[in-house]
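The structure presented is a predicted model; accordingly, all values stated were derived computationally and were not measured.
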Amino acid sequence: MTDDTATPWHILGAGAMGTLFAHRLEAAGVPVVLVAREAGTMLVHTLRSANGDSEREFAVEGPASPGTVRRLLVTVKAPSVTAAVAALGPRLAADAVVVVLANGRGYREALAPCLGGRPLYRGVTSEGAWRESASVTVHAGEGRTSIGNPAGEPLPPRWFTAGPGRLPRVGWDAAIEQALWEKLAVNCVINGITALHGCRNGALLTDPAARRDCEALLLETVAALRALGRPQLAAALPGTVAAVLRATAANRSSMLADRLAGRETEIDYINGFLVARCAAQGGRLPHHTALLERVRALQPTLASGAAGGSHPA
Ligand code: PAF
């Protein structure tokens, strides 16, 4: 039987979120191995936060390194999730736990063959972190992280309580499907517009053009959520978006950060997912569709493996 406390967590994606969780897990006594595109030996890495710098050394494997993977936290960006998990597929133990912590939705079907019947756990986080360099991550703001099984699992499993559940501000969410929809809706309203206007989140409250675009998207998202049978989420969305914009006013959204770094964005997994869901019911979202096309036109067609997060300054 697996000793849940001694089982290492492999973290796929050594970007901002991946390294933040690597530090937090090790600080809680949970062993961590980073999985990068290429195997290395060790990565000496610094986490910078309001409490000062903390340095740790992590083992780095490549996808094809030897050894079994029993616990996998996927922190690469949405467009890279399927290929990254597929590359690791042969190493996954029969009872492996796979948790995807990435913005956006729409990779479940593509991932299913790599998972071979294992459940796909999902996480949603409001932790703010950005990558200063390959060896420094800045923890810009504390947030909450929820993990759960979208197919339904009311109680936290052993792997959770022995692993991520030991971290402060990380909880099991039996209603993770609701949290995923809420996060998607917030990302739909904020991320694409900030990438397009090249502005920080707070400008969606203060800059007239960005605010107009944001309000149009918000109204359309509210209508879409109602049409998709999520009236409570729809009713709460204007307040939720306003609160997120105020709390993250000085930050660059993850999509703006991707755009500025010349990386592929998550637009197809955020606004694209909502447009596709509504289209399947015969609904149209003209503002989302226009944004989708404009952001797609801005981005290079390259695969990204770097995980991002909220970026201040
Ligand atoms: O993706 C992001 O950047 C964040 O989810 C959010 C909440 C939009 C704040 O920047």
Side-chain angles (χ1 to χ4, degrees), residues 76-84 100 102-111 180-228 230 233-234 237-238 240-241 244-245 248 251-311:
V76 296
K77 293 273 182 175
S80 305
V81 167
T82 304
V100 175
N103 276 341
R105 306 199 67 177
Y107 26 75
R108 191 161 41 92
E109 287 77 13
L111 261 183
L180 287 167
W181 271 105
E182 182 183 278
K183 175 84 173 174
L184 180 95
V186 168
N187 287 152
C188 271
V189 178
I190 297 178
N191 293 25
I193 297 285
T194 54
L196 198 63
H197 287 265
C199 63
R200 294 175 197 213
N201 294 353
L204 304 195
L205 294 169
T206 55
D207 175 80
R211 187 178 173 153
R212 209 174 31 245
D213 281 354
C214 178
E215 280 169 0
L217 268 181
L218 177 60
L219 286 178
E220 218 176 67
T221 310
V222 167
L225 289 173
R226 285 215 182 90
L228 293 169
R230 303 202 167 265
L233 219 53
L237 191 63
T240 310
V241 168
V244 171
L245 287 177
T248 64
N251 292 12
R252 288 187 176 129
S253 75
S254 51
M255 199 174 293
L256 175 59
D258 286 340
R259 187 197 151 187
L260 293 175
R263 291 188 292 255
E264 185 178 7
T265 74
E266 297 177 315
I267 196 81
D268 284 299
Y269 296 83
I270 296 178
N271 304 77
F273 178 81
L274 195 66
V275 167
R277 272 301 177 94
C278 288
Q281 299 193 163
R284 287 180 58 252
L285 302 178
H287 288 289
H288 283 76
T289 306
L291 179 71
L292 189 57
E293 283 163 7
R294 291 176 74 188
V295 174
R296 272 185 192 149
L298 291 172
Q299 71 188 15
T301 44
L302 42 87
S304 159
S310 297
H311 289 227

Colleague: Starting at CZ of Arg226, measure out to CG of Leu237 and round the result to the nearest 0.5 Å.
Modeller: 10.0 Å
Colleague: Rounded to the nearest 0.5 Å, how far does CG of Asp207 lie from OG1 of Thr194?
Modeller: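 So the gap between those two atoms works out to 12.0 Å.
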Colleague: Less than 4.5 Å apart, any side-chain heavy atom of Leu111 and any of Val100?
Modeller: yes
Colleague: First locate atom CZ of Phe273, then atom CG of Asn187, and finally report the distance between them rounded to the nearest 0.5 Å.
Modeller: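 Here the rounded value is 12.5 Å.
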Colleague: Hey, does Asn191 have a side-chain heavy atom less than 4.5 Å from the side chain of Asn103?
Modeller: yes
Colleague: Using distance only, find each side-chain donor-acceptor pair of residues 215-222 under 3.5 Å and give its atom names and separation, not counting sequence neighbours.
Modeller:
residue : atom : partner : partner atom : Å
Glu215  : OE2  : Arg211  : NE           : 3.1
Glu220  : OE1  : His287  : N            : 3.1
Glu220  : OE1  : His288  : N            : 3.0
Glu220  : OE1  : His288  : ND1          : 2.7
Glu220  : OE2  : His287  : N            : 2.8
Thr221  : OG1  : Leu217  : O            : 2.6
Thr221  : OG1  : His288  : NE2          : 3.1

Colleague: How close do Ala210 and Cys199 get, counting heavy atoms only, and between which atoms?
Modeller: CB-SG, 4.5 Å
Colleague: Check whether any side-chain heavy atom of Val189 lies under 4.5 Å from a side-chain heavy atom of Cys214, and answer yes or no.
Modeller: yes
Colleague: Picking from Ile267, Ile270, Ile193, what satisfies side-chain contact (heavy atoms from CB on, under 4.5 Å) with Cys188?
Modeller: Ile270
Colleague: Is the shortest heavy-atom distance from the side chain of Thr289 to the side chain of Arg284 under 4.5 Å?
Modeller: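 No; the side chains remain at least 4.5 Å from each other.
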Colleague: For a side-chain hydrogen bond (donor to acceptor under 3.5 Å, both in side chains) check, start with the C-alpha distance between Asp213 and His197, then their side-chain angles and the critical distance, and finish with the verdict.
Modeller: CA-CA 10 Å; Asp213 281 354; His197 287 265; 2.8 Å; yes
Colleague: At their closest point, which heavy atom of Met255 faces which heavy atom of Gly192, and how far apart are they?
Modeller: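 Looking at all heavy atoms of both residues, the shortest contact is SD-CA, 3.8 Å.
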Colleague: Any side-chain heavy-atom pair from Leu228 and Trp181 closer than 4.5 angstrom?
Modeller: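 When only atoms from C-beta onward are counted, Trp181 and Leu228 do touch, with a gap below 4.5 Å.
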Colleague: Counting N and O atoms only, with roles assigned by atom type, does the side chain of Gln281 sit under 3.5 Å from a partner on the main chain of Ala227, one being a donor and the other an acceptor?
Modeller: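 Yes.
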Colleague: So which atom in Tyr269 and which in Leu184 form the shortest heavy-atom distance, rounded to 0.1 Å?
Modeller: O-CD1, 3.6 Å
Colleague: How close do Ala224 and Leu274 get, counting heavy atoms only, and between which atoms?
Modeller: CB-CD2, 4.1 Å
Colleague: To the nearest 0.5 Å, tell me how far Leu225 CG sits from Glu182 CD.
Modeller: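 Here the interatomic distance stands at 10.0 Å.
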Colleague: Closest heavy-atom contact between Tyr107 and Ala78?
Modeller: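 For Tyr107 versus Ala78, the nearest heavy atoms are CE2-CB, 3.7 Å.
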Colleague: Minimum heavy-atom separation for Ser254 to Glu266, with atom names?
Modeller: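 Closest approach of Ser254 to Glu266, heavy atoms only: OG-OE1, 4.4 Å.
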Colleague: Would you compute the distance between atom CG of Leu285 and atom CG of Leu291 and round it to the nearest 0.5 angstrom?
Modeller: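 Interatomic distance, Leu285 CG to Leu291 CG, rounded to 0.5 Å: 11.5 Å.
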Colleague: If we only count heavy atoms from C-beta on, is the Arg296 to Asp268 side-chain gap below 4.5 Å?
Modeller: yes
